[in-house]
Amino acid sequence: MLTLIYAHPYPLHSRANRALLDAVRDLPGLQIRDLYALYPDFHIDARAEQAALADSHTVVLQHPLHWYHAPALLSLWFEKTLAYGWAYGHDPAGRATRALEGKRLLWAVSTGGAERAYQPEGYNHHTMAQIATPIQQTALYCGLQWLEPYIVHGAHRLSAPELAMAAQAYRARLQAELDHLSTSQER
Ligand SMILES: Cc1cc2nc3c(=O)[nH]c(=O)nc-3n(C[C@H](O)[C@H](O)[C@H](O)COP(=O)(O)O)c2cc1C
């Protein structure tokens with residue numbers, strides 16, 4: 001199972017993420033958890049989120065970049081879902097808990113800024129590898145494998161054919177991940 005955590009605070013205004021999501025939603029073996037649809041009041045059901053992750057071999061985090069990090073509800077999702085005594089730390093009996101150990105994490109993010117803006121000499125001064133650091137380190141701390149991120153730059157300036165290509169590439173990336181899972185399960 002591949003679980004896609006989708007976090008877009010303005011889904012009706014989305015162009016890029018909506019196209020990406022539409023391109024993958026029928027993939028067999030994929031479940032989508034649309035956080036802003038599930039929790040419009042921000043009351044995240046941590047148990048339900050943990051159950052979805054526990055059933056998954058790969059987790060995809062898909063969102064637009066907002067102020068150089070994840071939208072607020074996804075930040076809250078990290079806090080509530082990746083809880084002490086489940087994702088890290090110890091249970092009441094003192095045993096180490098790492099529920100996500102060995103699972104794979106794909107960060108799928110869209111940006112308004114062009115790729116050249118995410119360079120030391122660009123107006124964002126930092127590379128996407130640097131911007132990724134808090135999410136990457138959160139994943140590593142929980143024992144997840146960090147996969148090569150899927151990044152769509154200059155999302156609101158993409159032409160319709162460019163966006164269609166990005167969406168198909170995203171589908172291919174998730175399909176490859178599902179293929180990887182079925183191959184590793186056969187071994
Ligand atoms: C509140 C807010 C903050 C944003 N912050 C950033 C940012 O830090 N860096 C960036 O490149 N784009 C930023 N953007 C632009 C979005 O990332 C961009 O519009 C989005 O990726 C396009 O995808 P969509 O069509 O699915 O909304 C921001 C947009 C909003 C509304």
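Counting starts at 1 for both ligands and their atoms, following the listed order. The residues of the chain are indexed from 1 along the displayed sequence.
- Distance alone, capped at 3.5 Å, is enough to place a donor-acceptor pair between the E162 side chain and the S159 backbone.
- Salt-bridge annotation for R171 and D26: present, with a side-chain N of the basic residue lying under 4.0 Å from a carboxylate O of the acidic one.
- Residue contacts with ligand 1, taken as heavy atom pairs separated by less than 4.0 Å, involve R15 via backbone and side-chain atoms alike.
- Not one N or O of H13 is nearer than 3.5 Å to an N or O of ligand 1, by distance alone.
- Classified by interplanar angle (parallel below 30°, tilted 30° to 60°, perpendicular above 60°), the ring pair Y10/H66 is tilted.
- Inspection of the T81 and Q50 side chains reveals no N or O donor paired with an N or O acceptor under 3.5 Å.
- Of all the listed residues (W67, Y123, Y10), W67 holds the heavy atom that lies closest to atom 7 (C) of ligand 1.
- With respect to atom 27 (O) of ligand 1, the closest heavy atom belonging to the protein is H8 NE2, 2.8 Å.
- Close approach of ligand 1 to T111 is summarised as follows: ligand atoms under 4.0 Å from at least one heavy atom of the residue are 11 (O), 17 (O), 21 (O).
- Using a 30° and 60° split on the angle between ring planes, Y118 and Y68 fall in the perpendicular class, above 60°.
- The single protein non-hydrogen atom nearest to atom 9 (N) of ligand 1 is Y118 OH, 2.9 Å, given as residue, atom name and distance.
- Remark: ligand 1 atoms within the under-4.0 Å shell around heavy atoms of G113 are 10 (C), 11 (O).
- Among all protein heavy atoms, the one lying closest to atom 29 (C) of ligand 1 is H66 CD2, 3.4 Å.
- Shortest contact from atom 15 (C) of ligand 1 to any protein heavy atom: G112 N, 3.8 Å.
- The closest donor-acceptor contact from the side chain of Q62 to the backbone of A108 lies at 3.5 Å or more, if one exists at all.
- Only the side chain of A155 comes within 4.0 Å of ligand 1, judged by heavy-atom distances.
- Distance alone, capped at 3.5 Å, is enough to place a donor-acceptor pair between the Q130 side chain and the T127 backbone.
- For R18 and H8, the side-chain atoms include no donor-acceptor pair closer than 3.5 Å.
- Between S14 and ligand 1, at least one N/O pair is under 3.5 Å apart.
- The shortest N or O to N or O distance between P64 and ligand 1 is not under 3.5 Å.
- Residue Y68 places at least one N or O, backbone or side chain, under 3.5 Å from an N or O of ligand 1.
- The nearest heavy-atom contact from the protein to atom 13 (C) of ligand 1 is L65 O, 3.2 Å.
- When only non-hydrogen protein atoms are considered, atom 19 (O) of ligand 1 lies nearest to H156 ND1, 3.7 Å.
- With respect to the salt-bridge test (charged N to carboxylate O, under 4.0 angstrom), the residues E49 and R33 qualify.
- Atom 21 (O) of ligand 1 has as its closest protein heavy atom S110 OG, 2.6 Å.
- T97 contributes a side-chain N or O that, together with a main-chain N or O of G89, makes up a donor-acceptor pair within less than 3.5 Å.
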